[in-house]
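Here is the structure we will look at.
Below, each value reflects all heavy atoms present in this structure, side chains not excepted, and no hydrogens, waters or symmetry copies. Letters A, B, ... are given to chains in the order of the sequence lines, protein chains preceding strands, and every chain is numbered from 1.
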Number of protein chains: 2
Amino acid sequence: MSLPHAILTALLEKPSSGLELTRRFDRSIGYFWSATHQQIYRELGKLEAEGQIRALASEQPARGQKKQYEVLPTGRAELARWTASSQDPKPLRDTMLLRLRAAAVVGTDGIETDLRRHLVLHQRQLAEYEEIEKRDFPPGRDSPQDRLQHLVLRAGIDLETFWTQWLTHAIEEFAELS
Amino acid sequence: MSLPHAILTALLEKPSSGLELTRRFDRSIGYFWSATHQQIYRELGKLEAEGQIRALASEQPARGQKKQYEVLPTGRAELARWTASSQDPKPLRDTMLLRLRAAAVVGTDGIETDLRRHLVLHQRQLAEYEEIEKRDFPPGRDSPQDRLQHLVLRAGIDLETFWTQWLTHAIEEFAELS
DNA sequence: ACGACCATGTAAACAGTTACATGATTTA
DNA sequence: TAAATCATGTAACTGTTTACATGGTCGT
């Protein structure tokens, strides 16, 4: 039940059409809650039917026409309720860790290549986050909004840092094993 | 497509019945790939139909009777293939980060309580992992199997360490904001 | 023999992914 | 005017979660 709330947040930050939302999910929001355009259109339809958002006037809803959506008071209230509600952390689900555990039983052939590939991907993501930090959070600016958003970005940076370190360590272990 | 492989791994480590598997998923495997008993029974049925596992003889398959499953050569081969195959890391999906981003727009009321609650849960999980490390990986033992499994446990420990640190930092920020 | 729990399962709802369809606008 | 791509959508499939059902075993 998080996709509608991700969309409400994005629309409150800035009213958008379906495609604009899709683009923004590819960039910022998607860094911790990804969604495809199909999911987004479906959810926009539901949210509109429920009266949480509405299409801005002046646009005819023909196919291939942009529709801009904005959040209604009901939607904002629902988002506030959800944000403040108590929710349990989801247990971790990670395929690479599962594969390593499997490798302990069926052998490590072939997995080292993918560890190296993942390392490169995580290093790339880390570099991207650090670029964003330099660009959007220069020292000095610290409105409450800035600090909250910076906190979220820090989580992304620290997570990618963890993965690069762990993968580096894992690859070293493999070098010693063989 | 990871649940069947998680089950194959668990069954290779030790042939088990559905309920035993469920218990083991609650403990070790579930730390990075959780599953409910419904998922497990359904998947066991599929894997048996595909000839990747079989019920050990000497058990009549009546309702309420334990059925022990073991992995067949086909299943082991499939697991080895999957383990070695190239797979992209799944993008992060984290509700707490999403909620913080929403809080930047609709206000932070109520979320701090849940940050503190999550901190306690992550500290508890971290303590559990460190207990397991002390018990199962004393210094000295280092067969290839041990090293791989220890590597996986290290990932769990480092991830929980990250969360406790990040949450602590987040709570400090909130203290300064208000 | 009754209640608690063990063990296996079914059904339905919900969420996410992949593949495809269709009209509108831009550009060569 | 044809091709590319923009923008919105549908359909089918896969995977996950939640709620419920059913028979067996064990302790009192």
Side-chain angles (χ1 to χ4, degrees), chain A residues 1-8 10-11 15-26 29-30 32-50 53-56 58-69 82 87-95 98, chain B residues 1-8 10-11 15-26 29-30 32-50 53-56 58-69 82 87-95 98:
Chain A
M1 280 299 294
S2 298
L3 178 57
H5 303 100
I7 291 178
L8 288 172
L11 286 181
S16 304
S17 68
L19 193 69
E20 283 163 1
L21 275 179
T22 305
R23 296 278 148 75
R24 292 172 58 203
F25 269 78
D26 286 344
I29 297 248
F32 46 88
W33 203 274
S34 60
T36 62
H37 73 109
Q38 292 89 340
Q39 282 177 280
I40 288 170
Y41 283 117
R42 182 151 30 100
E43 204 60 44
L44 283 173
K46 274 195 217 169
L47 288 169
E48 191 176 23
E50 290 167 10
I53 61 173
R54 74 164 167 213
L56 284 175
S58 87
E59 315 276 358
Q60 62 276 48
R63 237 195 152 115
Q65 291 296 91
K66 276 196 194 185
K67 263 192 278 188
Q68 297 277 131
Y69 289 97
W82 178 81
Q87 297 174 43
D88 286 335
K90 285 266 154 205
L92 175 62
R93 280 228 171 137
D94 187 87
T95 316
L98 188 55
Chain B
M1 286 295 297
S2 296
L3 177 58
H5 302 101
I7 291 178
L8 287 172
L11 286 180
S16 303
S17 68
L19 193 68
E20 283 163 0
L21 274 180
T22 304
R23 296 278 147 76
R24 293 173 57 202
F25 268 79
D26 286 343
I29 297 249
F32 46 91
W33 203 274
S34 60
T36 62
H37 73 109
Q38 292 89 340
Q39 282 177 282
I40 288 169
Y41 284 118
R42 182 148 32 94
E43 203 62 43
L44 283 172
K46 273 194 217 171
L47 287 169
E48 189 176 25
E50 289 166 9
I53 62 173
R54 74 164 169 214
L56 283 175
S58 86
E59 316 278 355
Q60 62 275 47
R63 241 191 151 127
Q65 292 295 91
K66 277 198 195 186
K67 263 192 278 185
Q68 297 277 133
Y69 290 97
W82 178 82
Q87 296 174 41
D88 286 335
K90 286 264 157 211
L92 175 61
R93 283 231 169 131
D94 187 88
T95 315
L98 187 54

Can you tell me which nucleotide in [options] comes closest to the side chain of [X]?
X: Ser17(A); options: dT16(D), dT8(D), dA7(C); result: dT8(D)
X: Trp33(B); options: dT17(C), dG15(D), dT16(D); result: dT16(D)
X: Tyr69(A); options: dC6(D), dG9(D), dA19(D); result: dG9(D)
X: Met1(A); options: dT17(D), dA15(C), dG9(D); result: dA15(C)
X: Arg23(B); options: dA15(C), dA7(C), dT17(C); result: dA7(C)

From [atom1] of [X] over to [atom2] of [N], roughly how many Å is that when rounded to an integer?
X: Leu44(A); N: dT10(D); atom1: CG; atom2: P; result: 12 Å
X: Glu43(A); N: dT17(C); atom1: CD; atom2: P; result: 13 Å
X: Glu20(A); N: dG9(D); atom1: CD; atom2: P; result: 14 Å
X: Asp26(B); N: dA7(C); atom1: CG; atom2: P; result: 13 Å
X: Leu3(A); N: dT17(D); atom1: CG; atom2: P; result: 16 Å
X: Ile40(A); N: dA7(D); atom1: CD1; atom2: P; result: 14 Å
X: Leu92(A); N: dT16(D); atom1: CG; atom2: C1'; result: 16 Å
X: Tyr41(B); N: dT17(D); atom1: OH; atom2: P; result: 17 Å

Heavy-atom nearest nucleotide on DNA chain C taken for Arg93(B) and for Leu19(B); more 5' hit belongs to Leu19(B)

Heavy-atom nearest nucleotide on DNA chain C taken for Gln38(A) and for Gly18(B); more 5' hit belongs to Gly18(B)

Considering just the side-chain nitrogens and oxygens of [X], establish if one lies under 4.0 Å of OP1 or OP2 belonging to [N].
X: Thr22(B); N: dA7(C); value: no
X: Gln39(A); N: dT17(C); value: yes
X: Lys67(A); N: dG9(D); value: yes

Would you say the side chain of Arg42(B) and the base of dT14(D) hold a donor-acceptor pair, judged only by whether the two atoms sit under 3.5 Å apart? no

Check: Is the side chain of Gln87(B) donor-acceptor paired with the backbone N or O of Trp82(B) at a distance under 3.5 Å, no angle test?
Finding: yes

**Asked** So do Ser16(B) and Arg24(B) actually touch side chain to side chain, heavy atoms under 4.5 Å?
**Response** yes

In this structure, NZ of Lys46(B) is separated from CG of Leu44(B) (nearest 0.5 Å) by 11.5 Å

Rounded to the nearest 0.5 angstrom, the NE2-CZ distance for His37(A) and Phe25(A) is 14.0 Å

Please evaluate residues Leu11(B) and Leu47(B) with respect to the criterion side chain to side chain contact (heavy atoms under 4.5 Å, CB included), reporting the C-alpha separation (whole Å), side-chain torsions for both, the decisive distance (0.1 Å), and the verdict. CA-CA 12 Å; Leu11(B) 286 180; Leu47(B) 287 169; 5.7 Å; no

